Amino acid sequence: MDVGGRASVAVAGELSLIDAVRTGDMALVKRLLQEDDDYDKRTAAFGVAVQAFSGGIAQLLLERGADPSQCGPDELLSLREAIDSGSPALVAALLDYRIRGGYAESELLEMRDLARRWYEAGVEAELRRRTGSQDDLVRTRVQDDEYYGVGEPTLGGLSVRDGHGAILTDLEELLAISSSFEELMARALDHDQDHAAWGRASILLAHRRDQETWTAAASLRTHPDPSHRLFGADLVRLIDLFDDSEEEAFAGPTLDILVDWSAEERDLAVLTMVLCGLGGHAGPRAEAPSWPTPATPMPVCGAWWRRGSAHGPSSPPSPMMSLRRCSC
């Protein structure tokens, strides 16, 4: 089950879309999609991408018009195989709204339990159990979809991605199972902010848009661990950003806490996130945050601003909006 990347192919003109998908070359696939609007080819290529464990490419093809409902059962992986691969993007592609109705609720619950077993055991322990190998684990970082990366440990010739926490979050959302703030935060903090597990947890919590979640996020401002403060700042800004109510109940409190937070935060990564949150507000208070010291450099927050509904089971347009790159 090798879900790793493939060598880049140099000449696009020599390959069909399906050939390009087989190589795993995302840039080449994008280029070929611009040159050909044959949706039947895109659907066929989707089946090839899924069989090749290329979840990111499969999601791209869905976004560009592939119709998974036209694929036969033998053209797609089973949901169990996708979960075992550890790729959130691959699982999300197989849970596209056009085909998710083919899974009984009992099967989805069983798959939720499988994802939880992987998550609780840990990828290394499960790989050792399945392979019996005592060799050293080889760890790499790979891009799982357009926005998030995951780890990909390899042992005994078997490669598995460590996205089971993100997969678990997706399946719980699909099944309308509401995990606690603490559990979702723990899944995020097992990794860094560019990991799919962090993205799934923060976006799901932000879309609750309730006072309890906002207060829990804001309380992390004083946590001694910078990673907890980073998660809190990320979540505070997302709740405010996703609040599309006429009242904009979180706008004022969010501005207040972020202005005060910017005056006292000493960790540059956390401060960057705080300033990204302030970038969504207008007015002199948002435009003139206090800095910890005169020597603190102006951070760049672009890498954190493209987050949204492409993560998780593919569905029609919904309140799960996309976030754009921060230009503050």
Side-chain angles (χ1 to χ4, degrees), residues 119-120 122-124 139 141 148-151 162-166 168-169 178-243 250-281 285-286 288-305 307 323 326 328:
Y119 171 67
E120 292 180 347
V123 170
E124 179 175 355
R139 297 181 182 274
R141 178 79 173 215
Y148 290 103
V150 293
D162 66 358
H164 298 95
L168 177 58
T169 300
S178 182
S179 291
S180 68
F181 180 96
E182 291 74 19
E183 184 170 358
L184 289 168
M185 180 173 68
R187 292 177 199 168
L189 294 179
D190 284 340
H191 305 282
D192 60 55
Q193 72 272 18
D194 294 321
H195 192 282
W198 182 298
R200 297 299 205 281
S202 62
I203 290 172
L204 179 60
L205 283 169
H207 275 279
R208 290 180 179 176
R209 288 175 286 192
D210 57 38
Q211 188 61 47
E212 181 182 0
T213 302
W214 189 92
T215 300
S219 71
L220 295 172
R221 168 185 167 187
T222 58
H223 198 284
D225 182 0
S227 65
H228 284 72
R229 299 201 303 276
L230 182 63
F231 185 75
D234 191 19
L235 191 49
V236 164
R237 77 175 181 91
L238 288 175
I239 293 172
D240 179 38
L241 187 66
F242 287 150
D243 181 16
F250 298 105
T254 295
L255 179 59
D256 290 341
I257 191 175
L258 292 180
V259 168
D260 292 344
W261 199 334
S262 72
E264 64 191 28
E265 183 55 59
R266 296 299 189 267
D267 183 271
L268 184 58
V270 180
L271 179 58
T272 300
M273 190 68 79
V274 169
L275 294 178
C276 281
L278 283 172
H281 292 263
R285 294 182 67 210
S290 301
W291 294 91
T293 69
T296 301
M298 184 66 165
V300 178
C301 43
W304 288 331
W305 203 249
R307 305 291 194 234
L323 311 188
C326 177
C328 55

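From a predicted model like this one, the values you see are computed outputs, not experimental measurements.
A donor-acceptor contact shorter than 3.5 Å is absent between the side chain of Thr213 and the backbone of Arg209. The backbone N or O of Val123 lies less than 3.5 Å from no partner atom in the side chain of Asp162, so there is not a single donor-acceptor pair. Of the possible polar contacts, none joining the Arg200 side chain to the Trp198 backbone as a donor-acceptor pair under 3.5 Å is found. With hydrogens and angles disregarded, no donor-acceptor distance shorter than 3.5 Å links the side chain of Thr215 to the backbone of Glu212. Put simply, the side chain of Thr254 never gets that close to the backbone of Ala251: no donor and acceptor are under 3.5 Å apart.
The salt bridge (Lys or Arg N to Asp or Glu O under 4.0 Å) test applied to Asp267 returns no partner, not counting sequence neighbours. Among residues two or more places apart in sequence or in another chain, the salt bridge (Lys or Arg N to Asp or Glu O under 4.0 Å) test is passed with Glu120 by Arg116. Residues meeting the salt bridge (Lys or Arg N to Asp or Glu O under 4.0 Å) test with Arg141, sequence neighbours left out: Asp192.
To the nearest 0.5 angstrom, Leu230 atom CG is 10.5 Å from Leu220 atom CG. If you take CG on Leu238 and CG on Leu204, they are separated by 11.5 Å, rounding to the nearest 0.5 Å. Rounded to the nearest 0.5 Å, atoms CD (Gln193) and CE (Met273) are 5.5 Å apart. Atom CD1 of Ile203 sits about 12.5 Å away from atom CG of Leu184, to the nearest 0.5 Å. Met185 contributes atom CE, which lies 11.0 Å from atom CG of Asp190 (distance to the nearest 0.5 angstrom). Annotation: the span from His281 atom NE2 to Asp240 atom CG amounts to 3.5 Å, rounded to 0.5 Å.
In this structure, Ala196 and Val150 approach most closely via the heavy-atom pair CB-CG1, 4.0 Å. Nearest heavy-atom pair across Gly151 and His195 is N-NE2, 3.9 Å. Among all heavy-atom pairs drawn from Asp225 and Ser227, the shortest one is OD2-OG, 2.8 Å. Taking all atoms of both residues into account, the shortest heavy-atom contact from Pro226 to Val270 is O-CG2, 3.4 Å. Annotation for Pro224 and Arg229: closest pair O-NH1, 3.3 Å, computed over non-hydrogen atoms. The two residues Ser179 and Arg208 make their nearest non-hydrogen contact at O-NH2, 2.7 Å.
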- Message: side-chain contact (heavy atoms from CB on, under 4.5 Å) for Phe242 and His207? Distances and angles first, verdict last.
- Response: CA-CA 7 Å; Phe242 287 150; His207 275 279; 3.3 Å; yes
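The side-chain heavy atoms of Leu205 and Phe231, taken from C-beta on, include a pair separated by under 4.5 Å.
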